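The structure displayed is predicted, hence computed values, not measured ones. Whatever order the structure lists them in is the order used to number ligands and atoms, beginning at 1.
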Amino acid sequence: DIKFTIVGAGSSYTPELLEELSQRREELPVREIMLYDINEERLDIMAGFCKRFAKHLGMEVDIKSTLDLDKALYGADFVDTQIRVGGNRQRVLDEKIPLKYHLVGQETTGAGGMMKAMRTIPVMLDVARKMEELSPTGWLINYTNPTGLVTEAVTRYTKANIAGFCSGGIFPKMWAKRSLGISYDRVQYDYAGLNHMNFISNITIDGRPVTEDEFLKIAGENTDVDLELVKLLGVIPSPYLQYYYHTTEKVNKILSRPRTRGEEVMLLEKEVYDAYADQNNFLKPAALSKRGGGGYSEVAIGFVNAIYNNIDTAMVVNVPNNGAIKFLPDTAVVEIGCLVNKRGISPLNVANIPEMCWGLISAVKNYEQLAVESAVEGNVRKAKLALLAHPLVREYDLVEKLIPELLEANKMYLPQF
Ligand code: G6P
Ligand code: MN
């Protein structure tokens, strides 16, 4: 029977994991769900809600909570990590500091994304190293952002079994469902690149290539990039490509809003948490659907099912490249289509990547590798080199201004520096 641990269980998304486990209870015999967090207040509220929610769903499972990481990881079969080091307060700084210089200020992209990686990688390496001892055959299912950099750090510096995920892996399925009413299992595609830097091509429905009309309907759901641009490219870029292909427009748009996304999320969180704390409430709060990570639990538990029941499942996963993308090094973690079963994760053949995105993918991977090394070593020089390599920063005088400011704003969370 399965011990399923959630690290960062105070996250608003936790009940979605529970719901998904409940839906698959026939095939996934979960004996224990262990909730772990460093914030006792949020953990207590979440544990209380999860118990009410599980009862409402008719689940027979032991829900436990702990502030002790060793206890949480010990003997775990699956460890789902969804932490936010420094909370949304630091997210808002990740957004606002680059924006001062008219640069993209975003949770995972650009200079802000690098600072998130700096805060997060040491904590995630600690979890992974503990798993080497306490749950050596267990799987770490990572949703902690920036998931590509976190997965690269864990695969390069530890022996833990990790699968790095992003909700974006099933976006094309979501788009096809919304625009054409087609269920997830009928839609396939090639997916290649990095986390939040990827391109979708060769979409098929029931194994036949989509018509041009279907392609445009699916692509039209991705409203963050211009549909004319998609037509020009011939492939669908991740919504995060908006920051690369529409940089000035997006920066101006963010600056024109009264609040950053992080500030909005702080308001949403309050609403969501008030609902969780209400002793009479046993339903998922409506405000949760306004968060961008919705649907992620379906992928996470789909992974558990593929491994535990040895069911061949095609999934988009962050894995070491090992030759899959010809122009990237073997250790580079890439986000690509993979086959998952009991033996683990096997990357599928990557179809030709459109030539026009080789440069962007390479440059961003170049940044990521330097950022990972800087985060592990506490190396300021490499942090500067990482931003010099980043296509959204690149300019030397900006790098010299940004680095001291970002390090100062995060100093409580950077023991390695
Ligand atoms: C998407 C991304 C996630 C990200 C989320 C942000 O789902 O793939 O990596 O965490 O959006 O959502 P939020 O509600 O926090 O802005
Ligand atoms: Mn993501």
Arg261 to Lys290 - nearest heavy-atom pair and separation = NH2-O, 3.0 Å
Any idea which heavy atoms bring Leu18 and Met59 closest together, and the distance?
-> O-CE, 3.7 Å
Within 45° of the ring axis of Tyr184 and under 6.0 Å from its six-membered ring centre, is that where the NZ or CZ of Lys177 lies?
-> yes
Between Lys217 and Glu214, does at least one N-O distance fall below 4.0 Å, as a salt bridge requires?
-> no
Test item: side-chain donor near acceptor, Thr66 and Asp68, under 3.5 Å | no
May I ask you to say whether Glu263 pairs ionically with Arg257, meaning some side-chain N is under 4.0 Å from a carboxylate O?
-> no
Report, as a single number, the protein N, O or S atoms less than 2.8 Å from the Mn ion (ligand 2).
-> 2
Between the protein and ligand 1, are there any N or O atom pairs that come within less than 3.5 Å of each other, and if so, what are their names and distances?
| from | atom 1 | to | atom 2 | distance (Å) |
| --- | --- | --- | --- | --- |
| ligand 1 | 7 (O) | Ser167 | OG | 2.7 |
| ligand 1 | 7 (O) | Gly292 | O | 2.6 |
| ligand 1 | 8 (O) | Ser167 | OG | 3.2 |
| ligand 1 | 8 (O) | His196 | NE2 | 3.3 |
| ligand 1 | 9 (O) | Asn145 | ND2 | 2.8 |
| ligand 1 | 9 (O) | His196 | NE2 | 3.3 |
| ligand 1 | 10 (O) | Asn145 | ND2 | 3.1 |
| ligand 1 | 12 (O) | Gly292 | N | 3.2 |
| ligand 1 | 14 (O) | Arg261 | NH2 | 2.7 |
| ligand 1 | 14 (O) | Arg291 | NE | 2.8 |
| ligand 1 | 14 (O) | Gly292 | N | 2.8 |
| ligand 1 | 15 (O) | Arg91 | NH1 | 2.8 |
| ligand 1 | 15 (O) | Arg291 | NE | 3.4 |
| ligand 1 | 15 (O) | Arg291 | NH2 | 2.8 |
| ligand 1 | 16 (O) | Arg91 | NH2 | 2.9 |
| ligand 1 | 16 (O) | Arg261 | NE | 2.7 |

Under 3.5 Å, side-chain donor or acceptor atoms of residues 344-351 against the rest of the protein: list the pairs with distances, not counting sequence neighbours.
none

Is the closest basic N to carboxylate O distance between Glu269 and Arg42 below 4.0 Å?
-> yes
Can you list every pair that meets salt bridge (charged side-chain N to carboxylate O under 4.0 Å, His left out) and has a residue in residues 332-351, with sequence neighbours left out?
-> none
